[in-house]
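Here the structure is laid out as structure tokens; the discussion comes afterwards.
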There are 2 protein chains.
Amino acid sequence: MDRRVTKKGDDASGKERPTLKTLAFMTGLGVTTVSRALKDAPEIGAETRRRVQLVAKQIGYRPNRAGVRLRTGKTNVISLVLNTEHELMSFVSDIIYGVTEVIADTPYHLIVTPYSRSQDPLDPVRYLVETGSADGVIISRTQPNDPRARYMLEHGVPFATHGRTDMGLVHPYHDFDNYAFAGEAVRALAAKGRNRLALVTPPVGLTYFRYTVNGFADALSEVGASEVPFNTVSIDHTIEQIRMRTAQLMRRDDRPDGIISSAAAATLAIVAGIEDAGLKLGRDVDVVSKQSSEVLHLFRRELLVVNEDFRLAGSELARAVLGWIAGKEPGSLQSLSKPSEVLPYRG
Amino acid sequence: MDRRVTKKGDDASGKERPTLKTLAFMTGLGVTTVSRALKDAPEIGAETRRRVQLVAKQIGYRPNRAGVRLRTGKTNVISLVLNTEHELMSFVSDIIYGVTEVIADTPYHLIVTPYSRSQDPLDPVRYLVETGSADGVIISRTQPNDPRARYMLEHGVPFATHGRTDMGLVHPYHDFDNYAFAGEAVRALAAKGRNRLALVTPPVGLTYFRYTVNGFADALSEVGASEVPFNTVSIDHTIEQIRMRTAQLMRRDDRPDGIISSAAAATLAIVAGIEDAGLKLGRDVDVVSKQSSEVLHLFRRELLVVNEDFRLAGSELARAVLGWIAGKEPGSLQSLSKPSEVLPYRG
DNA sequence: CCAATATACTGAAACGTTACAGATTGCCAA
DNA sequence: TTGGCAATCTGTAACGTTTCAGTATATTGG
């Protein structure tokens, strides 16, 4: 029994996934016509077009990704490049959901491309570009002078960065206004009579470190408060390190009476450190912290919080890359998200 | 000037990505030979094989994924199917990193396939199978009678589940021993003299709900403690709901003196509810909670914790799917992770 | 020394898609 | 009638890979 007698496409019966050939056979048209009809090409008759599209819908035709990709080079893939050590848990989760929300009704798939501490952050990007694995890339942990952004720009690969760069090059980004955040935080603390402030910064090399530090500094002089330097940790440090350093700091005579934290996880450690030093939150010191989910007020209601929406960031970044892929001006695909006001615990 | 004179592959100069044709031209061999040489086929001479592989390495040849996929149907993709509303943040982040760790030095890519509350959980799986978008699938939120597992089994698609099923069908899984967890938790509370215990369960339909409930019930009768029913919430509920219901519960005369929580986020809410009711953790009630990162002891040091490692889960699941794809017996790709002991705060 | 056989290699076809360069038809102006 | 042209439709080739069915050469057994 030679199964090859019944060639695929000669019969329209099978359980095989329908292809253009199947569709062509069913409609009695040529493969080319079917292909063009499905993408609303102008040189296809109105009725034919409708007929093809109807049949395609009926039998659940889905273009074969490999076929399209091989022929056109279009992968229909967006890659999210993540650091496996230093990204915040909430960031990973929320940004992924934000991205998938946007690409849900597009043909795009999301692939996650990780890199670890030991690697050059450029490695995964280089891999993606060299192998042509994605039509667009989203990167985080953006630096003022970011080799990844430069590389992708040079290679003509659409991308969006979480955080801005400062290279005089224009590209899509989404950023949270950390300058405003730090400023608001300082003012909120000043309003509570705090005037010796410390800042737990973002990781030092990243762009938003600068924005945070500048917002902090400018607001300090605006309200006439002073800085208590606390440069031994950033939010990239471990819980234990932050906790220990905070305890050290808070045991000093010149300890701050207000602390600003750039991440919720760090804040847990900061508060623990404060309490290790025998001090009480809200009495001896106030803390303003960014958070990305409503968790800190359950932790200590004395905390002051500012919300950063990572899901929004994911959506914006996805929209930006897709926009660039679709031919929009990169310069028009930049967004900055204003911080919420500084929120105290509300019953 | 007709650029087509210089056909691709006729010259080995270009910046174009090398293909088998490039390699064939450079080595002076046929495309077929090169292809076979690269995969160590037996009918290729030892020297030829070495020569081809050397050249391939030198010029950084990478097989074109679309070509392979079109020809063989192999996608080299693993898909992780996630619920965009109900997965824990830490779960998403850790499991992704666990998976990527394992597939890092394989040709596999990880794609994230989301589905939302409104959708049938079977939808994304059906999509993946119908479009042949992945060689293997990882699902979570596994149910005793899981239509997704059944569907993939019927369609011959390798997969692994986070959590077990109970359909008499054998497939790879990784699970945390929630029966043991609940038992240990009960015993730890009993050891502190607590004997009226409440359980904040996993989501009701999922398999690990049963294991948790059974472990709880068996240990209760073992230590002679009694259950205070608390069926109005599960860890799928919002922080606010859990908090409110817990406060309600704790204001009753027959309130529990011990609570077991299946997730860290829920525990934050439970503690808030306890304190809303004017009670004190560690004095009026003890709480044992699962957590996936060291966060709860910063929150309240009176908490008792059990650690569940989601990164490990991710790695195990990835290993399991890859194993199945590679032809191993599905029954040999099952693993159960024992809970850590119940840990009090240690300085 | 011939045939059989093993060894090492090769071209053609196919996977599903799109782009290119026609082909066919009908209709109208000259 | 004829030539031209617009409107529709079509076959072929190509993307990069693997599989199938060989071919050519060397090696072996009798």
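Just so it is clear: chains get the letters A, B, ... in the order the sequence lines come, proteins before strands, and each one is counted from 1.
Considering only residues two or more places apart in sequence or on other chains, Arg148(B) meets the salt bridge (Lys or Arg N to Asp or Glu O under 4.0 Å) condition with Asp146(B). With sequence neighbours excluded, the residues that form a salt bridge (Lys or Arg N to Asp or Glu O under 4.0 Å) with Arg141(B) are Asp236(B). In this structure, the ring-ring contact (aromatic ring centres under 6.0 Å, His included) partners of Phe310(B), at least two apart in sequence or on a different chain, are Phe91(B). A search for side chain to side chain donor-acceptor pair (under 3.5 Å) contacts involving Glu87(A) returns Ser140(A), not counting sequence neighbours. The side chain to side chain contact (heavy atoms under 4.5 Å, CB included) test applied to Leu54(A) returns Gln58(A), not counting sequence neighbours.
Here dT18(D) presents its P atom at 13 Å from CD1 of Ile44(B), a figure rounded to the nearest Å. Taking atom CD of residue Glu16(A) and atom P of nucleotide dC15(C), one finds them 10 Å apart after rounding to whole Å. Atom NZ of Lys21(A) and atom C1' of dG11(D) are 14 Å apart (whole Å). At whole-Å resolution of the value, CD in Glu43(B) and C1' in dC20(D) are 12 Å apart. As a whole-Å value, the separation of Lys74(A) NZ from dC15(D) C1' is 17 Å.
A ring-centre distance under 6.0 Å is found for Phe159(A) and His171(A).
Sorted by first and then second residue, the salt bridge (Lys or Arg N to Asp or Glu O under 4.0 Å) pairs involving residues 23-37 of chain A (not counting sequence neighbours) are Arg36(A)-Glu43(A). Sorted by first and then second residue, the side-chain hydrogen bond (donor to acceptor under 3.5 Å, both in side chains) pairs with a member in residues 95-108 of chain A read Lys74(A)-Tyr108(A), Glu101(A)-Arg311(A); sequence neighbours excluded.
Within residues 47-72 of chain A, the residues that place at least one heavy atom under 4.0 Å from DNA chain D are, in residue-number order, Thr48(A), Leu70(A), Arg71(A). Listed by residue number, the members of residues 28-41 of chain A with any heavy atom below 4.0 angstrom from DNA chain D are Gly28(A), Leu29(A), Gly30(A), Thr32(A), Thr33(A).
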Could you list the donor-acceptor pairs under 3.5 angstrom formed between side-chain atoms of residues 125-138 of chain B and any protein atom two or more places apart in sequence or on another chain?
from, atom 1, to, atom 2, distance (Å)
Arg126(B), NH1, Asp123(B), OD1, 3.2
Tyr127(B), OH, His109(A), NE2, 2.8
Thr131(B), OG1, Tyr127(B), O, 2.7
Thr131(B), OG1, Ser133(B), OG, 2.6
Asp135(B), OD1, Thr75(B), N, 2.9
Asp135(B), OD1, Thr75(B), OG1, 2.8
Asp135(B), OD2, Thr75(B), N, 3.2
Asp135(B), OD2, Thr75(B), OG1, 3.4
Asp135(B), OD2, Asn76(B), N, 2.7

Please list, one pair per line, the donor and acceptor atoms closer than 3.5 Å that link side chains of residues 111-118 of chain A to other protein atoms, with sequence neighbours excluded.
from, atom 1, to, atom 2, distance (Å)
Thr113(A), OG1, Ser79(A), OG, 2.7
Ser116(A), OG, Ser118(A), OG, 3.2

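Residue Leu20(A) is in base contact, counting any heavy-atom pair closer than 4.0 Å across all strands shown.
Put simply, the side chain of Thr48(A) never gets that close to the backbone of Ile44(A): no donor and acceptor are under 3.5 Å apart.
For the helix from dC1(C)-dG30(D) to dA30(C)-dT1(D), the rotation axes defined at the first and last 5 base pairs enclose an angle of 60°, given to the nearest 10°.
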